[in-house]
Amino acid sequence: KNVEKLRTAEQSDNMTACRLVLTEMEKHEDGWPFLKPVNFKQFPTYKKYIKNPMDFTTMKNKLRDSLYKTRGEFASDTRLVFNNCMIFNEDESDVGKAGHTMRKYFEQRWKDLLLSS
Ligand SMILES: Cn1cc(C(=O)NCCN2CCCC2)ccc1=O
């Protein structure tokens with residue numbers, strides 16, 4: 001019983017850290033391309049190239065609905081955001097550059113928060 005409780009406390013700490021890093025990314029000056037799902041009307045070829053779209057709002061809703069069972073699942077969705085970005089955007093485009101900056105920022109904060117997936 002007690003072990004069960006401990007895991008819950010650790011689990012809650014992990015999710016708090018995930019919420020913290022997500023909030024920081026949403027506030028980051030270069031987070032703008034990732035705040036909402038890519039608009040398929042604005043980018044009609046997006047869903048042809050990107051099989052698993054992901055964005056910060058979707059991640060926030062998944063955190064709210066307890067859909068991340070481990071911190072690794074949260075990290076995987078974050079990396080999906082930036083991997084999708086690298087597939088669809090040139091490195092030197094504004095969105096491409098923002099993706100590289102945000103990926104670097106995330107990986108450093110993930111380490112800072114002593115989180116490793
Ligand atoms: C992740 N990603 C994002 C975009 C993009 O342009 N997002 C911003 C869209 N506008 C920002 C304010 C209103 C709408 C394009 C390609 C891509 O892969």
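First listed ligand is number 1; within each ligand, the first listed atom is number 1. These numbers come from the heavy atoms of this one structure, side chains and all, not from hydrogens, waters or symmetry mates.
Here the closest non-hydrogen pair linking F82 and G99 is CD2-O, 3.9 Å. In terms of heavy-atom proximity, M102 sits nearest to G31 at SD-N, 3.8 Å. When all heavy atoms of M54 and N84 are compared, the closest pair comes out as N-ND2, 3.8 Å.
Near Y46, meaning under 4.0 Å from any of its heavy atoms, are these atoms of ligand 1: 18 (O). In summary, the atoms of ligand 1 found under 4.0 Å from a heavy atom of F43, numbered by their order in the structure, are 6 (O), 15 (C). Contact atoms of ligand 1 toward P33: 1 (C), 2 (N), 3 (C), 7 (N) (distance under 4.0 Å to a heavy atom of the residue).
Note on ring orientation: taking the six-membered ring where Trp is involved, the planes of F43 and F88 are perpendicular (angle over 60°, cut-offs 30° and 60°).
Judged by distance alone, the side chains of D77 and Y68 do bring a donor and an acceptor atom under 3.5 Å apart.
Put simply, atom 18 (O) of ligand 1 has protein non-hydrogen atoms near it, under 4.0 Å away. Of the protein's heavy atoms, at least one falls inside 4.0 Å of atom 15 (C) of ligand 1.
Side chain of T23 to main chain of R19: a donor-acceptor pair is present (N/O by atom type, distance under 3.5 Å, no hydrogens or angles).
Contacts of N89 with ligand 1, taken as heavy-atom pairs under 4.0 Å, involve the side chain alone.
Residues satisfying the salt bridge (Lys or Arg N to Asp or Glu O under 4.0 Å) test with K60, not counting sequence neighbours, are E26.
The nearest heavy-atom contact from the protein to atom 11 (C) of ligand 1 is W32 CE3, 4.4 Å. From the protein, the heavy atom lying nearest to atom 2 (N) of ligand 1 is V38 CG2, 3.5 Å. Counting protein heavy atoms only, atom 9 (C) of ligand 1 is closest to Q42 OE1, 4.2 Å. Counting only heavy atoms of the protein, atom 4 (C) of ligand 1 lies nearest to V95 CG2, 4.0 Å.
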